[in-house]
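Report on the following structure.
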Amino acid sequence: MSRYSALRIVREAMRRHAGWGRAWGSPEPRRRYKVVIVGAGGHGLATAYYLGRNYGITDVAVLEKGWLGGGNTGRNTTIIRSNYLQDPSAAIYEKSRALYEDLSQELNFNVMFSPRGVMMLAQTEHEVRGYKRTVQANALQSVATEWIGPERVKELCPIIRIDGPRYPVLGAHWQPRGGTARHDAVAWGYARKCSEMGMHIVERCAVTGVRTEGGRVQGVETSRGSIDCESLCLVVAGHSGELAQMAGFRLPIESVPLQALVSEPIKPCMDVVVMANTVHGYMSQSDKGEMVIGGGTDGYNAYTQRGSFHHIEETVRALVETFPMLSRLKVLRQWGGIVDMTGDRSPIIGRAPVRGIYLNCGWGTGGFKAIPGSGWATAELVATGASGPLAADFGLERFREGRFIDESVAAGVAH
Amino acid sequence: MPEYPLEGRRFDGLVRLESAEPRGMIALRGTPEELSSALEESVGLAWPATGEAAWTGEVGALWMAPDELLLLVPQGQAQDLVERLGRSLADRHHLVADVSDMRTLLRMSGSGCRDVLAKVTPADVSPAGLSIGRVRRSRVGQVAAAIWLRDGETAEIACFRSVAHYVFDLLADAAHPEARVDYWTPQGADAQA
Amino acid sequence: MLTLRCPCCGVLADETELAPGGTAHLRREGPEASDEAFEAYMFLRDNPRGVHFERWRHAFGCGKWFHAARCTVTNEVFGTYPAQTAAPPEEVLEAIRRRRPEWER
Amino acid sequence: MSTRLGTGGSAIDRSRPVHFTFDGRRLAGLTGDTVASALLANGERVVGRSFKYHRPRGIVASGPEEPNALLGIGTGDRFEPNARATTTPLREGMALRSQNRWPSLAFDVGVVNAALSRFLPVGFYYKTFMWPRRFWESVYEPLIRQAAGLGRAPDAETRDPDRYEHFHLHVDVLVAGGGIAGLQSALAAGRAGAQVLLMEQSPHWGGRAQVDGVRIEGDPAAEWVARAVAELEAMPNVRLRLNATVVGAYDHGWMLAVEMPEPGPRERLWKIRARRTVMATGALERPLAFAGNDRPGVMLASAVRDNLMRYAVSPGDRTVLVTANDDGYRTAIALVEAGLSVPLVVDARPECNGPLPRRAREMGIRVAPGRAIAGVRWQRRITGVDVCLQAGEGSALEHVPCDAVAMAGGWSPAVHLWSHCGGRLRWDEATAAFRPDPQFPPTGADGQAAILPAGSADGHSRAVEVLASAHRAGVAGAAAAAHEGDAGQVVTAEEGAEAPALAVWRMPQSADHRLRAQTFLDFQNDVKLTDVELAAQEGYRSVEHAKRYTTLGMATDQGKLSNINGLAALSHTTGQAISAVGTTTFRPPYTPLTLATIAGQARGDLFQPVRRTPLHARHEALGAAWEPVGQWRRPYVYPKAGETVEDAVRREVLAVRSEVGILDATTLGKIIVKGPDAAQFLDMIYTGRPSTIAEGRCRYGLICNENGFLIDDGVVARLGPETWLCHTTTGGAERIHAHMEEWLQTEWWDWRVHVLNVTEQFGQIAVAGPLARNLLERLGGMDLSREALPFMHWTEGRLMDVPVRVFRISFSGELSFEIAAPAGRAGEIWDRLAQDATPYGTETMHVLRAEKGYIMIGDETDGTVIPQDLGLNWAIAKKKDDYIGKRGQMRLHMAGERWRLVGLLTPDGAVLPEGSLAVAQGTNANGQRRTQGRVTSAYWSPTLGRGIALGLVDRGPERMGETLSFLQPDGSEYRAEIVSPVFHDPEGERLNA
C-alpha cells in the first residue's frame, strides 16, 4: 500500500482518485495462525500492530464479529489523559499518551491527536484535596500535570462559569498535553498498518467457541470456520464475560451501558477538555464543532447498547450549570456502548486461567485513551508469555490477593 | 416554641402552596401481625391497607412500608402516644419513635394539584394512579417525599426537614402562573367523575 | 428507562425511584472461606447475556430490597420477588421458561 | 423568484403581518408563517452555506428533515444557533442570521473550498496534515476547526432567562403524529376506552392528506380532520397536544416528547410511560440524485406543495418537476392550478399514464417520460435545467428555462422511533423503503411490541390502507391495556389511483463522473455520489464505515433526507442489495433537543437540593463561610469583619482550647437499631462489640465493607436492653442506614431487628472546651457533673426545659458534650450557648481533631485503608469469629506490610502540603520515583504554634524519629520527622476533665 500524503492527494486528484486502494485487506481466514486476537477494536488492533512492530510476529489474525472499530472504539468520547493517581495506572496511560503524540506519523494515518489540554474541575474541598494529591503523585510519575486556580480555569476555558451558586470552581487539575483524537481513525490507522504487515483482519467473523485441551488453548470455532492458534488473545470490551464462558472460566467483570451524546456543530468556543466530576459530566468540542458530552454508567447489567435517560439528564443538567451559555444548544444524537466494569474499576491485562489465553479487558469507561499503551503491553504479554512492567500490576490475581488499583480514591473517577 | 422550616411561606400560582399546620409524627416499625391490635386500641385505627392511609379526624396512619407506618397526630400529642404505644407493645418486637421534627408537611390546594405534581414526580398522579386515600412515596425533584390527597383539590406532601425549602421552591416554580398544562384540569376533574 | 413492580409495596416503580444492587442470590463467604471461594463471592460474576437475577432497592419508595429476573439483551422482565429468599421462586422460573424455552439455570 | 401569491394559504392570516430581519435587512411575513415560508415569500432563496464547500444553499424541505435552512435566531441571552427555519414559527421582531459564511451570505471566502473540491476528496484529512509534524497543532488543526462548525457559539457569559420544565405521564396509548393516521388511531383507542395522548409536531392537525387532495367519507380530508378532532376533544379519556414532537423511544415503553407551549415555558419535556405507542409519524420525501440537485431553488415536491397550499408561497414562477412517481404530479397540478407555470415534468419512468399524469397532461403540462436531469444551470439563481435520457450517461437533449425545480424521489417511512429501542427494519423492494419489521419490534417490559406502526410510517401510501392500519394499531393499543370497547368503524377514503413508482437512485442511470461529482446526497455535509464511491473503493464498505468515513447522514438532519440515497449509492457501488447493505441505527432524539429542556427546572437555585440544618439561618446571620458536604451546607468557619479565614480558624481553635466553643453537629447520622437480635447484628456491622456496651454508655465504633476497607466511624450509644443509637459521619447517614437495611433484608432477614434513620429528628450541638461543663450547668435542668456524666456516657433530661440527650463524648480532645434536641427546638439552646461560647466551623473541627490525632473518614481513609493501617486495632474484636470485612482483611495483601498512620513534623514548623509523597530510593520498573508514605492531612496548629500533619508511612509506627523527604512538583523538598500522631494532650487529661 502506498503512502498517504498531500502530494499523493494532488496526484490522485488528477486522475479522479482512481488510484486509491483499500485501506485494509479483507482476506479469507486461514486454518491456523500463531496468534489469534478476538476483537478488531482499538485494543485488539493495537495489540496486533505492536506484536509485529516490537516482536516481528506477523502470523496474526484479528477476528471481528461485526465491523472493525464498531465497539467502544467508535462509541466513546475520545478523551486522552494520563493524570491518574495510582502508579500502575499513570504508567500505562502515560505510555499510551506518549505513543499518541507521534501516532499519526508512525501509522501514516492522521488520527488527529489534539493535545489541547484536559482539566478536571475541583468544586468541593474534598475534590481539591483529591486533585492536589494526584498532582503530587503525577510529579513523581513523570506525568506533567499541575494545579491551577479558578482564574486560570476561566482563562483556558472562558465558557465555564466559575462562580456558580452551587459549586463554584475552586481550581482544577490540569494536564496540558492531554486531549482528544479521532476515534475511528485510530482503529483504521492500526488496521491499515497491520494489513500492510501481512496480518489478517477478518470482519463479520464471530467466535462461537474456544477449543482447549489439557488446560491449554487449541483454537477457536468461528462463523467462518475453525481456526487453530498457539496463543489466543481476548480483547472484546463489553463481551469479555461471554468469551470467558466459552473458554470455561469466569471474570471479575460485569457489563453495563455507558452513554454519550453530541450537540449540533457550532463554531469553536472551547479549546480544552473539561471534566466536572462532582456534578458528573464532561465535555469537549470536536474538530467538526460538536460538543461531545459524556457522564456516568448505568447501574445495571445490559448488552443493549443503550441506556436510561435519567443518566443523560443528570449529565446535561451538570453541564448546563457549568456552561450556562450552552443552555439553548441542541442535542443531535445520543448513543450507548457496553463497558466491562471490574471489581476495582481498573483494567485486566494478564494470563487467563487457561494456558495460552491472554486477557485484555475491563477498561470500563476509560479504554480509548489507553489503546496504544494497552496494545504495547498486551503484545509484550502475548509475545513473551509474561507481563512486562506496564502490565505487571493488572493481572487477575490481584482480586484474590486484595491488591486493588482503585482510582476512585482520588476525586477523578470519570473518563 | 418549636420552629418550623416553612413557617410563614406561601405561594399562589397554578395552586396555592403553604406549610401545613404542624402535626405530631410517629414512626412505627413492626409487622401488622405484631402491632395491629395495639394500634387499634391506642389510636383507634386499623392497620391501613398496602399503600393507603387510614384516618380518624386529624389522626392518620400512613402506610410507609410492609413493616412501617407513619402516624400523624395533633401537635404535641406525639410523645404521649409514643409512650402509650411503647407500653402496650412492650412484649412485641417493634420500634416506635417520635419523629415530629424529622419531616415537614406541605399543603398544595387548587384544581391544578395533579398538573403541578406531574411536573416534579415520576409517580402516576392520574386520578386512577393517585386516588384519594392513597399514599405514594416517590421523588419530588431530586429528593424523597410522600404524597397523598385529602380531597380532589388538596394534596399533602411530606419531605425531610432539611430539604423543605428545596421542595417548596421546586413546587412554586412548577406552579408558575404562566406554566399551565391543563392536562388533569379542568378536564381532569371530569375524568374523575 | 426501566419500570419494575416492587413486590413489597405493589408500586410500578420508575427506574428513578430505584437503586440497582447487582447480582442476586450470592452466598456470603465468611472468615472460614478459602481465598478462591471469597474471591468468587466478591468478584466473579456470570454476567449473562440473557436471563439475569439481580437486586434492586425501592430507595425512593418503601425502601425495601427486592429481586428481579430480567433479560440483559431485551430488558424483558420475567418477574420480581422479595429479597428474602436464596433462590428464585418457581413461578418466576416458570415465567422464564415460558418466554425462553431454551434457557437453563 | 419565490413570492407570496395573492390568494390562498390555509395556515396564514393575511390581516396580521409579522416583521423580522434577515442578516439585518427588514422583512415582513404573516401570522402563521414558518421562518422558511416567510423567507421564501420575500424571495430569499439562499439561506445558508454548506459545511465543507460553503456552497450557497436554499430551503429544500418543509419539515424537520430540512438540512440547509439553519439560522441563528434571536440576540443576547436568547440567541439560538442552528434553528431550523422550516419548523420555527415566525414571531414579531425576530432577528435571523444566516450561518457558516464570511464575510456575507452572498460573498463567502469559504467557497474557495468548492473550487478546490477535487483536492479535498472524502477523508482527505486522514491522509495529510501530518508533516511537518508540529504544523498539525500550530497550523492545520486550528484551520480545520475554524472552517468547521455551523452556527456561531453563544457568548461566554450568556444566561438563558427562559423557563423549562418536565411533565411525567402514564397513559395506555400514546399516539405520535396527528395526521389522518394518528387521528384515526386515537379515535379507535379512545372509543375503546383507553387513556390516550395524541401528539402532533406541527401547529396543525391532519398532516399531508389535506394538501394531497385526499377525500375521506366523501368529504375533503380537512373536513374529516375537523370532525375527528372535535370528537377526540370531547372524550374525557383523550388528550391532544399540538406543537409537541415525540422524539425518543426508550426501554419499557418510556417515551420522550418535547412541547413548545404557547404561552408557557419555552419548552416542556414530556416523560411518558405508555403501555403502547402508536407510531403514526408519517413519511419523508426523498430528493433525487442528479447533478446540481443542491442548488438553491431545487426543493422537494412535497415542500413546494406545502408552501403553496399552507402559506400561499410559490418557490418560483417556472418550476420544472422531476419525478419517478405519480405523487409528484400533485405538485405540478397544484402549481398550475395556482396560476404558475410548469414548463416540463421530467419523469424517469418510460411509461407514465396513471390518472395523475393524465390529469397533468389534460391541464396542458408537458410530460417527458424516460427522462432525467443532466444539470441545473445556475448564475446566482436557477436559469434552467438540461434534460437527458434516464437510460444514458447524461448527454443533454434539450435545455428548459426555469427558475425552480421540484423533485419527487419517493417516500421513506419515518421509522426512527421504531429503531430507537431495538426494533429492526426490513427493506421492502415493492415500496423501495425500509419498513418496520413486525418480526422484530421494539419490546417492552412484557416482551411484547411496545410500538405499533401505523399509516405511512408503516409503509402504506394509499389513504385507505393508511386509515385501516391506523385503526388496527389504535385497537391493538387499547386492547393491550385491556380496553376492548367498541372502536367504531374505519372510515372510507378515496384519492386518485397511482401507477407504480420507480426507485431511481441516480439520474441519469449511468451518469458519468463529471455529473456524479456534482450530485449531492447529504446537502449539509456536502457528501456527493463520488464520495460514497471512493469510500467503497477504499474498503469502507460496511454501512457504518461508509457513514463515518464520508460523514453521510451525520449532519443535523441525521440523514432524514440523505440516508436511503446514500445506502442505494453504496449498494450500487459494492454490488450488494440494499437489504444486504442494511442501514445505520437511528438514535434519539428524532429532532434536536435543547439542553436546557433536558435540565428542566434543575437550573440555578434548583440545580440540586441544598440541605439545611435547623440552625442554618443562625449560621447565615453569623456570616458563616459555607462548605458543601454532600448536599448539606455546613459552616466552614465564621470569619469576623476584617478576619481572613486563617485568622478566624486560629481564633476559633484557641477559643475551644482555652474557653468553650459550639459546633453544629446536626448532620452526623443517627440511626436507631432495636430488637432481640440487634446485639448480634451490630457485632457483625461493627469491627468491635457494641453488644457489650452497657446501658447509659457510649463507645467508638468502626464499620468496614466486605472488602475490609474502613467506610465509616462514629459513637454508638446503648439506649436500652435491646436498643442502640449509632452515630455516623455526615456522609454516612444515608449510606450506613442503607448498608444496615441491605444486610438485614438480603442476608439476615430472619434476624429480629428494626433500623430507623432519625438523623433529621434532632438538632445536635457540640459544646467543647474547658468551660463547657459550667456553661451547660448555667443553662439549668440537668446534672452534668463529672460524677453524674463521666466521659463516654450519655444521659437524657431537660435543658432550658427542652427535652435533650446529652452525650459526654469528644472529637476535639477537650472536655466536650454533644446535645441532641428536637430539631425544632435546637435553636433555643444554640442561642443561649452562643451568648457565652464561640461558634466554630468544620475547618476548626478538622484542626482540633488533627491536633489530637483523631482520624477523619475521607482524609485518612480513601476507600483503600483498613482500620489496622490507622492503629485502630483496639477497636477490632480479635476474638470475634466474624464481622463484615474480617475475611477481606485476611487476604495476602491486607495482612502484609502496609503504610500505617503516624504524625509528621517539619523541623521549621512549616505546614506540609497535603497529598505530599515521601520519596524512597530509586525508581520502579516504569521509571516512576519510589515512594514510602504520604500526607493525609496537614494543618497549621494554633495550639502548638506550628504545622502538624498526619500521614500513612510504610511501617511508620516502627520508624519513630526517622526523617522523610517529601519532594514537591516544583522540585522543592520538605523534610519531616516521624512522630506520634497525637500532638495534643497525649495523656487525655483535658478529655477526661
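Lettering follows sequence order; numbering is per chain, from 1.
- Only the backbone of Pro609(D) comes within less than 4.5 Å of a heavy atom of chain A; no side-chain atom from C-beta onward does.
- Note on His17(A), Gln123(A), Met14(A), Lys132(A): by heavy-atom pairs under 4.5 Å with chain D, the leading option is His17(A).
- In summary, Arg133(D) and Glu101(A) engage in a salt bridge, as defined by a charged side-chain N under 4.0 Å from a carboxylate O.
- In this structure Asp184(A) satisfies the side chain to side chain contact (heavy atoms under 4.5 Å, CB included) test together with Arg182(A), Trp188(A), Arg548(D), sequence neighbours excluded.
- Between Trp147(A) and Tyr131(A), the gap from one ring centroid to the other reaches at least 6.0 Å.
- Atom CG of Asp605(D) has 12 or fewer heavy atoms from other residues, nucleotides or ligands within 6.0 Å.
- Using a 4.5 Å cut-off between heavy atoms, Gln537(D) contacts chain A through both its backbone and its side chain.
- Your options are Leu967(D), Asn924(D), Val610(D), and the one with the most heavy-atom pairs under 4.5 Å with chain A is Val610(D).
- For the residue pair Arg306(A)/Thr304(A), the side-chain donor-acceptor check at 3.5 Å is not satisfied.
- Considering only heavy-atom pairs separated by less than 4.5 Å from chain A, the leading option among Arg891(D), Glu914(D), His545(D) is His545(D).
- Both the backbone and the side chain of Gln608(D) have a heavy atom closer than 4.5 Å to some heavy atom of chain A.
- One side chain, Glu267(D) or Thr594(D), offers a donor N or O that lies under 3.5 Å from an acceptor on the other.
- Contact check on Glu313(A) versus Arg317(A) returns a salt bridge, with a Lys/Arg side-chain nitrogen under 4.0 Å from an Asp/Glu carboxylate oxygen.
- Every residue two or more places apart in sequence or in another chain was checked for a salt bridge (charged side-chain N to carboxylate O under 4.0 Å, His left out) with Asp557(D), and none qualifies.
- Ranked by non-hydrogen atom pairs under 4.5 Å with chain A, the options Gln889(D), Glu533(D), His252(D), Met554(D) are led by Met554(D).
- Comparing Trp254(D), Phe966(D), Tyr126(D) by heavy-atom pairs within less than 4.5 Å of chain A, the highest count is held by Tyr126(D).
- Considering only heavy-atom pairs separated by less than 4.5 Å from chain A, the leading option among Ser916(D), Ser542(D), Ala602(D) is Ser916(D).
- Proximity to chain A is limited to the backbone of Ala555(D), based on heavy atoms less than 4.5 angstrom apart.
- With chain A as partner, the option from Met894(D), Arg930(D), Gln968(D) having the largest number of non-hydrogen pairs under 4.5 angstrom is Gln968(D).
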